[in-house]
Amino acid sequence: QVQLVESGGGLVQAGGSLRLSCAVSGIIFSTNSMAWYRQAPGKEREWVATIFSIGATNYVDSVKGRFTISRDNAKNTVYLQMNSLKPEDTAVYYCNAQVWVVGGPKFTNYWGRGTQVTVSS
């Protein structure tokens, strides 16, 4: 059983910062790419950022220069440092990871339950 548990969400004023964490637990052989998505009220889930096992990163244009994704492979944890937050960043943020469970199929996609980020103007 693999679990992804996000933390670090909350209420912040525009221009402020938050750091999200997502810890992956279970009997894991390896973790490939890890990513953050977000879903604002009334909108579809949107990809935000990805970090690959080798450390390469990609970002959606709207967060480039403001958000930084990172990972600690020893802790199977991915982070999202969010700076210069804007009201339009308000959403539920979801963690995603491709995980190879010991004894299981190679690299299956898993999701966390999300953490709310609210940015007030």
Side-chain angles (χ1 to χ4, degrees):
Q1 187 80 8
V2 174
Q3 285 191 320
L4 278 63
V5 180
E6 301 99 334
S7 61
L11 173 64
V12 64
Q13 288 189 334
S17 298
L18 283 174
R19 188 190 193 211
L20 306 183
S21 300
C22 172
V24 183
S25 63
I27 304 176
I28 298 167
F29 178 73
S30 180
T31 303
N32 196 8
S33 65
M34 305 179 82
W36 288 96
Y37 288 72
R38 65 186 179 185
Q39 187 166 17
K43 295 188 177 181
E44 293 190 353
R45 190 171 295 188
E46 171 192 39
W47 166 75
V48 175
T50 297
I51 184 165
F52 298 93
S53 58
I54 59 173
T57 58
N58 284 324
Y59 299 90
V60 68
D61 285 347
S62 60
V63 308
K64 284 180 180 177
R66 301 189 298 121
F67 291 10
T68 302
I69 189 171
S70 60
R71 63 191 286 170
D72 184 332
N73 290 330
K75 296 181 179 179
N76 281 320
T77 299
V78 61
Y79 305 95
L80 187 68
Q81 178 66 44
M82 304 185 295
N83 298 328
S84 302
L85 282 161
K86 304 175 181 180
E88 51 263 43
D89 294 318
T90 295
V92 177
Y93 282 71
Y94 295 92
C95 173
N96 170 273
Q98 294 181 337
V99 180
W100 186 351
V101 178
V102 172
K106 191 173 182 179
F107 295 124
T108 301
N109 220 22
Y110 290 90
W111 291 91
R113 293 189 174 186
T115 184
Q116 177 70 47
V117 171
T118 303
V119 184
S120 63
S121 57

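Just so you know, residue 1 is the first one in the sequence shown, and it goes up from there.
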Straight-line distance of [X] [atom1] to [Y] [atom2], nearest 0.5 Å:
X      : Y     : atom1 : atom2 : value
Cys95  : Tyr79 : SG    : OH    : 11.5 Å
Asn109 : Asn96 : CG    : CG    : 4.5 Å
Thr118 : Leu85 : OG1   : CG    : 10.5 Å
Thr57  : Lys64 : OG1   : NZ    : 9.5 Å
Ser62  : Phe67 : OG    : CZ    : 7.5 Å
Thr68  : Met82 : OG1   : CE    : 11.0 Å

Decide side chain to side chain contact (heavy atoms under 4.5 Å, CB included) for Phe107 and Ser33; before the verdict, give the C-alpha distance in whole Å, the side-chain angles of both, and the deciding distance to 0.1 Å. CA-CA 9 Å; Phe107 295 124; Ser33 65; over 6 Å; no
Quick check on the hydrophobic clustering: are Leu18 and Val5 connected, directly or via other members, by side-chain heavy-atom contacts under 4.5 Å?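 Hydrophobic grouping puts Leu18 apart from Val5.
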Side-chain heavy atoms under 4.5 angstrom apart, residues restricted to Ile, Leu, Val, Met, Phe, Trp, Tyr: same cluster for Val48 and Trp111?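 Yes: a chain of side-chain contacts under 4.5 Å links Val48 to Trp111.
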Is the centre of the Tyr93 ring less than 6.0 Å from the centre of the Trp36 ring? no
Without swapping roles, check the side chain of [X] against the backbone of [Y] for a donor-acceptor pair under 3.5 Å.
X     : Y      : result
Tyr59 : Ile69  : yes
Gln98 : Asn32  : no
Glu6  : Gly114 : yes

I want to check something: taking the side chain as every heavy atom from C-beta on, are Trp47 and Asn58 in contact at a cut-off of under 4.5 Å?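 Side-chain contact under 4.5 Å: yes.
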Are side-chain heavy atoms of Tyr94 and Leu4 found at a separation under 4.5 Å?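 SC-SC contact between Tyr94 and Leu4 ruled out.
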With a 4.0 Å cut-off on N to O distance, would you call Lys86 and Asp89 a salt bridge? no
Passing candidate, side chain to side chain contact (heavy atoms under 4.5 Å, CB included) with Met34, options Val99, Asn76, Val78: Val78
Listed by chain and number, what are the salt bridge (Lys or Arg N to Asp or Glu O under 4.0 Å) partners of Arg45, not counting sequence neighbours? none
My understanding is that only residues two or more places apart in sequence, or in another chain, count here; which of them pass salt bridge (Lys or Arg N to Asp or Glu O under 4.0 Å) with Lys75?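 Lys75: no salt bridge (Lys or Arg N to Asp or Glu O under 4.0 Å) contacts found.
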Test side chain to side chain contact (heavy atoms under 4.5 Å, CB included) on Thr90 and Gln116; report intermediate values, then the result. CA-CA 8 Å; Thr90 295; Gln116 177 70 47; 4.1 Å; yes
Locate the shortest heavy-atom distance separating [X] from [Y]; write the atom from each residue and the value.
X      : Y     : value
Ser17  : Ser84 : OG-N, 4.4 Å
Ser121 : Ala14 : CA-CB, 4.4 Å
Leu20  : Gly9  : CD2-N, 3.6 Å

Do other residues, nucleotides or ligands put more than 12 heavy atoms under 6.0 Å from the CD atom of Glu46? yes
As a quick check of understanding, evaluate side chain to side chain contact (heavy atoms under 4.5 Å, CB included) for Val2 and Trp100, giving each step before the final call. CA-CA 10 Å; Val2 174; Trp100 186 351; over 6 Å; no
Val117/Arg38 under side chain to side chain contact (heavy atoms under 4.5 Å, CB included): CA gap, chis, key distance, verdict: CA-CA 9 Å; Val117 171; Arg38 65 186 179 185; over 6 Å; no
